[in-house]
A.B. asks: 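Sharing a structure with you now.
On a predicted model such as this, the values are computed, not experimentally measured, just so you know. Proteins get letters first, then strands, A, B, ... in listed order; numbering begins at 1 in each.
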Amino acid sequence: DGPTETLEVAEVTRSVFYAPLYVALSEGFFEEEGLSIELTTTWGGDKTMTALLSGGADIALVGSETSIYVAGQEATDPAINFAALTQTDGTFLVARDQVDSFQWSELKGTTFLGQRKGGMPQMVGEFVLKQHNINPRTDLTLLQNVDFGNIPSAFASGTGDYVQLFEPQASTFEKEGLGHVVASFGAESGRVPYTSFMAKQSMIEKDEEALIRFASAIYKGQQYVKNEDSSTIAMSIQDYFEDTELDILTSAVERYKDQGSYATDPLLTEEAWSTLLAIMDEAGELPLHIPFDELVNTAIASKSME
Amino acid sequence: MNPTKLHEQFVLEKKKEKRFVRITQITIIVVLIAIWELASRLAWIDPLLFSMPSRIVTLLYEHITAGTLWIHASVTMFETIVGFLLGTIVGTCLAALLWWSKRLSTILDPFLVILNSMPKVAIGPILIVGIGPNIGSIIAMGMLVSVIITTMVVHTAFKEVDENYIKVLQTFSASKKQIFFNVVYPASIPVIISTLKMNVGLAWVGVIVGEFLVSKQGLGYLIIYGFQVFNFNLVFMSLLVIAILATFMYIFVEYIEKKMTKYSI
Amino acid sequence: MNPTKLHEQFVLEKKKEKRFVRITQITIIVVLIAIWELASRLAWIDPLLFSMPSRIVTLLYEHITAGTLWIHASVTMFETIVGFLLGTIVGTCLAALLWWSKRLSTILDPFLVILNSMPKVAIGPILIVGIGPNIGSIIAMGMLVSVIITTMVVHTAFKEVDENYIKVLQTFSASKKQIFFNVVYPASIPVIISTLKMNVGLAWVGVIVGEFLVSKQGLGYLIIYGFQVFNFNLVFMSLLVIAILATFMYIFVEYIEKKMTKYSI
Amino acid sequence: MSDVSIDSVSLTYVNESGAFPALENVSLTIKEGEFVSFIGPSGCGKTTLLSIIAGLLEQTSGSLYIKNTESIGYMLQHDYLFPWLTIEKNMTLGQRIQGTHNEVSHRKALRWLERFGLADKKFDLPKALSGGMRQRVALIRTLATDPSLILLDEPFSALDQQTKLKLEDLVSHTLKAEQKTAILVTHDISEAIAMSDRVILFSPRPGKVAQVFTIPQEIRACTPFESRQHKDFQDQFQLIWKELDRFESN
Amino acid sequence: MSDVSIDSVSLTYVNESGAFPALENVSLTIKEGEFVSFIGPSGCGKTTLLSIIAGLLEQTSGSLYIKNTESIGYMLQHDYLFPWLTIEKNMTLGQRIQGTHNEVSHRKALRWLERFGLADKKFDLPKALSGGMRQRVALIRTLATDPSLILLDEPFSALDQQTKLKLEDLVSHTLKAEQKTAILVTHDISEAIAMSDRVILFSPRPGKVAQVFTIPQEIRACTPFESRQHKDFQDQFQLIWKELDRFESN
Ligand SMILES: Nc1ncnc2c1ncn2[C@@H]1O[C@H](COP(=O)(O)OP(=O)(O)OP(=O)(O)O)[C@@H](O)[C@H]1O
Ligand SMILES: Nc1ncnc2c1ncn2[C@@H]1O[C@H](COP(=O)(O)OP(=O)(O)OP(=O)(O)O)[C@@H](O)[C@H]1O
Ligand SMILES: [Mg+2]
Ligand SMILES: [Mg+2]
């Protein structure tokens, strides 16, 4: 074993959605690769990407769309997606009232409390609505004015008939009887590179080897998540979620696992990338049509799985 | 030298000094902007993160011609003014209440101190639950940021009114209400006005934070959206507009201050 | 009645009054908590959104016994104290600089006003670029929130030092430096200390906002994490701890104030 | 007929650090129309006694009879004109507070202003006036409520000598013409002699009536300015000075 | 030998609203060891002239000769003791600023303190002292730098009459014993006569030297307190009063 190398990782938020990362941390997969990880939460995509671009972090865990926004502005040293962590959207459609057999068309004429404009959840949300022939502008009242952290409060206090929520918010709502998960945006949208690990181009050129080891550890985490059952996973990651009850964690993991939100390997596919571009384009937020190989490095992920 | 000439010379020098100050200020701005532009263009700093004055101005121009700037700016301006007025008025009324009952003020004092050091951002959910996810919450945030500090400062001013003025009224057997409206309140107007100046700044901060929590439009919304789509040009443009508007509001308050405090105690 | 008796009676009454105030304060707290608890239990308010005092206290107890509270609280406390000290010291030094050159202060005045009304939250990314995503950015935010207002308030205090004290030194042909350190600075200490009191609150707000930007741990981290996982018990518990710590810090500053301002001008 | 009669009044200030007797067993009778001066070392309780008479403070023990408690005018040591009110408004403040402000009373106050040579300052703010002018306005404010008993606490202390001598004459003349009962607190022995019918000397804290000097009729007949040139003035001065000096040296 | 000689000095204050002549063509010579008083209506420029002599202001025209510019002591109208310094520190402030503070000069200042009866207040803060005591400390602070020319701007105006009369004696005695040249600004004609060798009367703004009164040797020989009882004192007072009064009524 060589000397351990320290990598600074900035994550965009702390979420059950990123379970494989926490598994890799708590099960010691990084140490096995001779890596020591400094994990900092830089709340929000802008802060995370800024930390990466300004050299404050070696690796960023952030929505892939951010790399496209950056590339759209002639970045000199662009952020490259080198390992996938999640491969679908992570939000769920929660209804205020119990619905027996949910049809998307039921959304028509209701008030839908969505996520904020410009972010992936909002774009996927609208994309899915359109796929079900619902025009988000005319067929329903779409509220997009509430900050991520305050959406549950707004819904719980009576705003909207439907709401788009992440886990463990959705599980908590169900448990408390405040709402019922009726559909999953992740399941509807299909595979997209949703949250990925990124490094700067220069970093990849300089220290590809460390990134490969990093991706290997992530791969181990992903395999662990794939193979173990939800409660084992929940127990493994509990240290990263203080004060969240184990049953909520388990149910959240379960839900993401079921719909295949967790990528089972770090490899990003061109097909999924095209879906991402299509979704962004549909939402009118695509600044530039960026080719797959310009922003994605598959070599690292491939080598890491060997 | 005769007085008229001395005065003329003095006025001339004053004018010169004023011109010098203005020129220096403009120079500072121009130089800073030039350095910024240059540093960005030559990639000493990452133009992605720091934007570039030329880009900001271009964007501003686009927003002006498209008419969208007006919408965002007027919404935020409205919220700020209402939040500012509410913060000042409610704070002053609370201060009056505390002045009225010394006992009440002793009892409430520690609560005020604690409230003052609470991060107001954290009570976002309570606002949203109480008022709903709408403009009301934003205004409430703009008010909340300034109301406690206004209460404390104005209450101190009320307490510090020279008690001899109060005694003058007492010799005429004035009631407590008469004392408040004839001495305490008018004597504190200068302090109230000077807290206005501070509140201008605080109300802006509060409203922008409020727009971070809930908003469809407004300059805070533009900032958050800019962050969301990693477009820092938009962020800097919004900050520029805020700076301009805040300056105007400050100048206006200063003007009122000059008008209202012609006398001095 | 003889003086000793009168004094005893007075002291007794004072004590009674003090006890009354304390009891009322405690009653207010207890009643508020009881209402809160009841309202939550009877589901008048949603316990998910408003939590419940009993749950908060249980959680607090768990955190204390698990030793995790100590980690979060000490990190935030450290950041706050450093941010607070930096804000006060840097602000005072800037104020001294402005006092030194009247011309400089005229030139910089509008810039200060504009900076003061900038929402500091929006410059988070710039801090991250300049300082990196670490504790430095948090402390910087804690400092930034208070530094401009400190500069303005302390500069005003420096300017308002009775110029006759300065004249006294001038009659001894004192240098400008001697004037600053022998009159202007010591005469302004009471004002500086009273801005400290304000800065305690501001530093807390700044540091919490800073932890919203970047954080591994701390009370602000717990708050934003609590929002993230929709655990409002955690949010309220953190606010409670902040309230307690901020109160202690305020009492400490008040104690210093009493010690330092034995004299009055 | 007595206007004010004070019967063994004592007052003790009490605060955290202790009880401080300020007045002890003060008994005093002041006749209607009389002009009395209080004199004594600093801190002997002169202001305290005025405040008790004015009803701003309550004595700890003893009793107080004042013929017309509703009709007291108290002029504080400094002018305390309200800087945000014009001279006219300042002057009629007492009337407005007491609800006696009407056209008649307003005209009366204006006549005072004329008599004091300040008619043209009616619409000015106090800051536009010199110290002496302000003092005159404060006096008018006190007179405007038409009190039968007037209390003056070192009204001339802040003035320079010329202004002071002139105001003394004016006030003395005014009060005599209006038949007011008056109590003047002062540190200036000459002033006390020149203006009063009687000078009450208080002993150091806690204040007691140490001695009462009745001013000879010849000096009383003069205006305050003239009386200072009176041949008996210096003797009277020396008399009081010595008594006061005794207190200070102890 | 003249210590101060002022030659047709004028000063005009200029600000936004205009130019205001405060002094016009003032010429004056003060001999070494002489005690001179400046008197005149309020605003006639007495303080302005002192400031010019002290070098705090520059005249608009005219010239000024002062024998020893380094050695001027200026005592402002109020005591302006620094509230955060002990009496000892306050007293030696001038020495420390001028870098002449050493054991010898410190002891010398302490001796002054003893002579003024304040030795036990050495470690007190100014607020623990009465007005008269503070004034004495301010005087020591001025004397402690051992100036040859002393400027006093209404040093006794804030005091009550007894304290004032006593301090006048003390200051007069001290300055005479130390052979200091002194200029006293005052509003109090009696004080000017009692303390000075010459009284300079200034005309109203813009200030000009209106008249110079040389005080008769017999009055000068007395202490200030005694001189007030001197038979010629009242005549001297009337003389100056009439001149001053002429200005005020115009
Ligand atoms: N509120 C108070 N609490 C305690 N002591 C007080 C209070 N007010 C006045 N005193 C004290 O009572 C004494 C009498 O005060 P008062 O003001 O009546 O004196 P005075 O004769 O008017 O003095 P001066 O001539 O200085 O005005 C003083 O020793 C003073 O320090
Ligand atoms: N800085 C200034 N700018 C303009 N005018 C001034 C200034 N300082 C003083 N004056 C004016 O100059 C005149 C002389 O002022 P100065 O203070 O010398 O008078 P003084 O004789 O000392 O008066 P007093 O007896 O009231 O102390 C006054 O009319 C005053 O208003
Ligand atoms: Mg008094
Ligand atoms: Mg003067």
A.B. asks: Counting neighbours of OH on Tyr185(B) that are heavy atoms of other residues, nucleotides or ligands and sit closer than 6.0 Å, is the number greater than 12?
C.D. replies: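 Result for OH/Tyr185(B): open.
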A.B. asks: Using non-hydrogen atoms only, which part of Ile72(D) is less than 4.5 Å away from chain B: side chain, backbone, both, or neither?
C.D. replies: backbone
A.B. asks: When you look at NZ of Lys176(B), are more than 12 heavy atoms from neighbouring residues, nucleotides or ligands closer to it than 6.0 Å?
C.D. replies: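 More than 12 within 6.0 Å, yes.
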A.B. asks: Select one option (side chain, backbone, both, neither) describing which atoms of Leu151(D) are under 4.5 Å from chain B's heavy atoms.
C.D. replies: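 Neither part.
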A.B. asks: Might you confirm whether atom NZ of Lys176(D) has over 12 heavy atoms from other residues, nucleotides or ligands at distances under 6.0 Å?
C.D. replies: yes
A.B. asks: Atom OG in Ser175(B), atom CD1 in Ile97(D): separation rounded to 0.5 Å?
C.D. replies: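 Nearest 0.5 Å value for the OG-CD1 distance: 7.5 Å.
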A.B. asks: Do other residues, nucleotides or ligands put more than 12 heavy atoms under 6.0 Å from Phe20(D) CZ?
C.D. replies: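 Correct, the count exceeds 12.
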A.B. asks: Can you confirm whether Glu178(D) is buried at CD, in the sense that more than 12 heavy atoms of other residues, nucleotides or ligands lie under 6.0 Å from that atom?
C.D. replies: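 Buried by this count: over 12 neighbours within 6.0 Å.
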A.B. asks: On a heavy-atom basis, which atom in Arg96(D) and which in Gln178(B) lie closest, and how many Å separate them?
C.D. replies: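 Reported closest heavy-atom pair: O-NE2, 4.5 Å.
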A.B. asks: Could you tell me which non-hydrogen atom of Asn182(B) sits nearest to which non-hydrogen atom of Trp84(D), and how far apart they are?
C.D. replies: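 Answer, listing the atom of Asn182(B) first, then Trp84(D): O-CZ2, 3.3 Å.
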A.B. asks: Mind checking whether Leu169(B) and Phe82(D) have side chains closer than 4.5 Å, heavy atoms only?
C.D. replies: yes
A.B. asks: With a cut-off of 6.0 Å (strictly less than), are more than 12 heavy atoms of other residues, nucleotides or ligands near CZ of Arg115(D)?
C.D. replies: yes
A.B. asks: Looking at OH of Tyr74(D) and NZ of Lys167(B), how far apart are the two atoms once the value is rounded to the nearest 0.5 Å?
C.D. replies: 5.5 Å
A.B. asks: Look at the rings of Tyr80(D) and Tyr165(B) and say which category their plane angle falls in: under 30° parallel, 30 to 60° tilted, over 60° perpendicular.
C.D. replies: perpendicular
A.B. asks: For Asn164(B) versus Leu76(D), what's the shortest heavy-atom pair and its separation?
C.D. replies: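 Nearest pair, atom of Asn164(B) first, then Leu76(D): O-CD1, 3.4 Å.
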